[in-house]
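What follows is a single structure, written as structure tokens, with notes after it.
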Amino acid sequence: MQAFTDLYVSLDSTTATNSKVAALRRYLAEAPAADAAWAIYIVSGRRAKRLAGRPLLKDALQTLTGYPEWMVLDAYATVGDFAETASLLTEEVRAANACDDQHSLAHWMEQEILPLADLDDEDKKQKLMDWWQRLPQLSAFLATKLITGGLRVGVSQTLVARAVAELADLPRDVITHRLMGDWQPNAAWFKSLLDPDITAETSSRPYPFYLASPLEKAPAELGTRGDWLAEWKWDGIRAQLVKRGGEISLWSRGEELITERFPEVVQAAAALDDCVLDGELLAWKDRVLPFAELQRRIGRKTVGKKLLSEVPVRLLVYDCLESDGEDLRPCGMRERRASAEALAAQADDRIATSPLLDHDSWEALAAARDGSRARGVEGLMLKAADSPYLTGRKKGAWWKWKVEPLTVDAVMIYAQAGSGRRATLFTDYTFAVWQEQEGERQLVPIAKAYSGLTDTEINSLNRWIRANTLERFGPVRSVSAEQVFELAFEGINASTRHKSGVALRFPRIARWRTDMRPEDANTLGQVKDLLSLYGNA
Amino acid sequence: MPLVELTDKGLYCPAGDFHIDPWRPVPRAVITHAHADHARPGSGLYFAETSGVPILRQRLGADLACHGLAYGESLELGRARVSLHPAGHILGSAQVRIEVDGEVWVITGDFKRDRDPTCTAFESVTCDTLITEATFALPIYRWPEIDTVAADIHRWWQANAQQGRASVLFCYALGKAQRVLAALMAHTEQRVLLHGAAVPLTQIYRDAGVAMLPTEPALEAEVEKKFAGELIIAPPGANGTAWMKRFGDCGTGFCSGWMLLRGNRRRRGYDRGFVLSDHADWPALLQTIEQSHAQHVLATHGRSDILVRYLREHGMRADELRTEFGDEDLAAES
């Protein structure tokens, strides 16, 4: 595993994209094909299923080191990563002659790590304890990381594609395409990844998604209204429906195959000619249902009859990337849209096109956008009428013009250290608003938020937290209720699972209101009034 | 009555009427070492180990009223007999031993037991009560050998040089910078450039006879374009300032015990983190407590909560002492 360990160090010890690409390319060029395949699998963030749970690791670690549970947990809270904690705590029992064995990465994955799945807990524990003593610290860390899931080294899918494309001397989008979907990391696959013959993309693979950018200027700056297509911005699951040779597959934006989770859409797709459609999966009963409903359908591999009837799903199509084997991505948006409409018309209404808005001025569109929440949409999408279908986050062709977020002024009551990169800082905060009960005001938690402060603000807030801690509960501290923050959020739902009775969608910190006193924060009543914006409260 | 108690001005010895590393001005202050959180201005008379006096004067003023004491030399203050003993933290750093009517307390100040060619090695002192630092009191903290770290630093410097880049290494200007300069002697004789903040302190070390690589103030040196191939040592506070612009596309590294954790390395945004601490790691803390034969341990700053709980579970009498001391690496960064 030494070569892979070296690769990991190179990737982890630089923040420069070019150096990462160079390191990866060098490894892929030199490693045996099977190792290269596994390295791509690992660094691009794919993960095998979790082979050992936290309790088992903790048990093995305590047995091996003799440290009490509280200490292991405190060490973990400090380090922020369990595999790293294990590799550090075992340093004192590590054999003085610990060294990497000569086995390849593929051997490690296929002969050591994956077979753990067939062992009982006691045998797994023995294996772990053996590795922790036998392997040098860094390899012990990596092996543990691979068992517990993925390894994040700041390498994006795009970066991997760049390295492979340079190595294979092929266009990057061909490689991106080949890296998508379901594949087995083995030597044959790696060779096919580098295959110079690029005409034969006959699999079920989706195309790389094009992602819209937030519109941060006035829409009039985009030019003439007539050069743009406008649609609602749906709050669902972005998906590609791929039908080739009659075979249907459904892919999420996270490149997950989700065909089996949405049988009604697959059924409806039986009526379509071969095509690749880009659109949004939505829970729908006469109108779109809140995202929380759709979420009930996401977590499951297969869905029962009851759920199917409670939360029926449809696909609203807004683009056509391929029709009858022909790649339409270079065509203009208007032309692709026409193909999408023609195809959707072949199916029943479980597959339909997302309607175009015909308001003929930016002002009229802006007025329509103001009614978004009542419709259950997030705002508008603006798409350049003559642009081709692009890849990734390239700016310019698709803009999301969301409604302004809702805001609430809330008081910070808890702080918790982050994990990984932010393990030594309090970066996760819980916020509360006032509730009046029998003449008394008390704070009720309403949201947790993680982002939105600058590094300087985080540092100064951290000093304040350390000086104003009331109580510690493990990694969480309660702090005195003094600091007020303006939280922004995309939406609000009634919820029986939350003490406050509401759930905020995508809450984040908009501003630190150092000008406000805690008693000036909003009340729960004011927050609940926001539910009426949706017309279905 | 305890020999040393905590007051709003800091640790105080009533029998001798003096403070140890006070954080407010007092009449008489015994100083363990010259880092800013331990040596503050404004007190009437200072006591420090002889080799630390020039550093104290450099930091707190040339006319500072300061009485130098050699390691092991003792002094009567009131009813207390006070002596200083090597702490191995930086040049002139000391543990304070206080004896009153046969009872002995030792205050470690900041200390380490790892090899450091720039200062006298730590010596265990037996006592009844030990006040120890606990900056890195968790068993995850075990420092690598300084030779390994120095070799890593040198390799990194050479790799940057090959790419025609400068290497800027952030080290606390007092202690860490000089320790790195001394440790690198095993690998090279090359001249190293210093940020202005480290220049006078490095000279004090040289005057005390500490062998280090030759140095030159960065801004006076004649260098190739954008300092290609040079190693520059600068305090962490210089990172991100306009001073850095002159080095163009350079490699950045940070030397600190905190760099042991991947999360810290990544969050700080340096290219490389080198694990080099002037504080005691977990094994050194336990070894020191054991060798002190103390019946009572008081732990201050850092992870004193962990150390106290661990010692209590092992049948020892231990308590936390809430001081205002910190860690120089963290203080220097923010």
Side-chain angles (χ1 to χ4, degrees), chain A residues 8-16 18-19 22 61 65-81 83-94 137-138 141 145 151-154 417-425 427 455-456 458-460 462-463 466-467 472, chain B residues 136-144 148 152 155-156 159-160 163 165 240 249-254 256-275 281-283 286 301-303 305-314 322 324 326-327 329-331 333-334:
Chain A
Y8 166 79
V9 171
S10 312
L11 295 175
D12 199 46
S13 65
T14 177
T15 45
N18 286 339
S19 313
L61 193 52
T65 62
Y67 288 122
E69 182 183 28
W70 66 266
M71 198 168 219
V72 169
L73 291 178
D74 218 297
Y76 169 52
T78 302
V79 176
D81 180 284
E84 189 181 353
T85 309
S87 75
L88 291 169
L89 284 180
T90 50
E91 186 63 16
E92 65 175 300
V93 293
R94 183 150 294 128
Q137 191 185 328
L138 196 55
F141 163 66
K145 223 38 197 152
L151 182 68
R152 276 193 283 172
V153 283
S419 62
R421 214 166 75 88
R422 307 174 118 192
T424 50
L425 277 183
T427 53
D455 284 354
T456 321
I458 291 178
N459 286 335
S460 104
N462 265 262
R463 278 193 291 278
R466 285 176 215 282
R472 299 185 187 192
Chain B
F136 291 103
L138 253 180
I140 51 174
Y141 296 113
R142 310 175 78 88
W143 306 141
T148 323
D152 281 348
R155 235 189 331 268
W156 165 76
N160 283 332
Q163 296 171 27
R165 301 203 303 166
D249 169 37
C250 58
T252 56
F254 183 36
S256 166
W258 302 109
M259 293 295 102
L260 183 72
L261 304 187
R262 182 171 175 241
N264 287 339
R265 290 197 299 272
R266 291 163 70 88
R267 184 166 62 75
R268 299 289 207 292
Y270 302 105
D271 295 333
R272 286 293 297 271
F274 298 101
V275 185
D281 61 4
W282 176 253
L286 296 189
H301 65 282
R303 304 312 303 271
D305 54 331
I306 303 282
L307 186 59
V308 166
R309 185 166 174 187
Y310 182 83
L311 292 174
R312 285 181 180 172
E313 286 188 2
H314 285 73
R322 295 200 171 246
E324 292 183 16
D327 172 71
D329 285 338
L330 293 184
E333 262 196 306
S334 51

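These numbers come from a predicted model, not from an experiment. Only heavy atoms go into these numbers, but all of them, side chains included; no hydrogens, no water, no symmetry mates. All chains are named by letter (A, B, ...) in the order of the sequence lines, taking the proteins before the strands, and each is independently numbered beginning at 1.
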Rounded distance [0.5 Å steps], CG in A:D12 versus CZ in B:R262: 4.5 Å

Point-to-point distance, once rounded to the nearest 0.5 Å, from CZ of B:F136 to OG1 of A:T78: 11.5 Å

query: Can you find a heavy atom in the side chain of A:E84 that is under 4.5 Å from one in the side chain of B:I140?
result: no

task: Could you tell me whether a side-chain N or O of A:E91 sits under 3.5 Å from a main-chain N or O of B:R142, the two making a donor and an acceptor?
output: no

query: Checking B:Y141 against chain A: side chain, backbone, both or neither under 4.5 Å from a heavy atom?
result: side chain

query: Highest number of heavy-atom pairs under 4.5 Å with chain B: which of A:T90, A:T85, A:T65, A:L88?
result: A:L88

query: B:R309: what forms a side-chain contact (heavy atoms from CB on, under 4.5 Å) with it, not counting sequence neighbours?
result: A:W70, B:E313

- request: Between chain A and each of B:D305, B:L138, B:L260, count heavy-atom pairs under 4.5 Å; write down the option with the most.
  value: B:L138

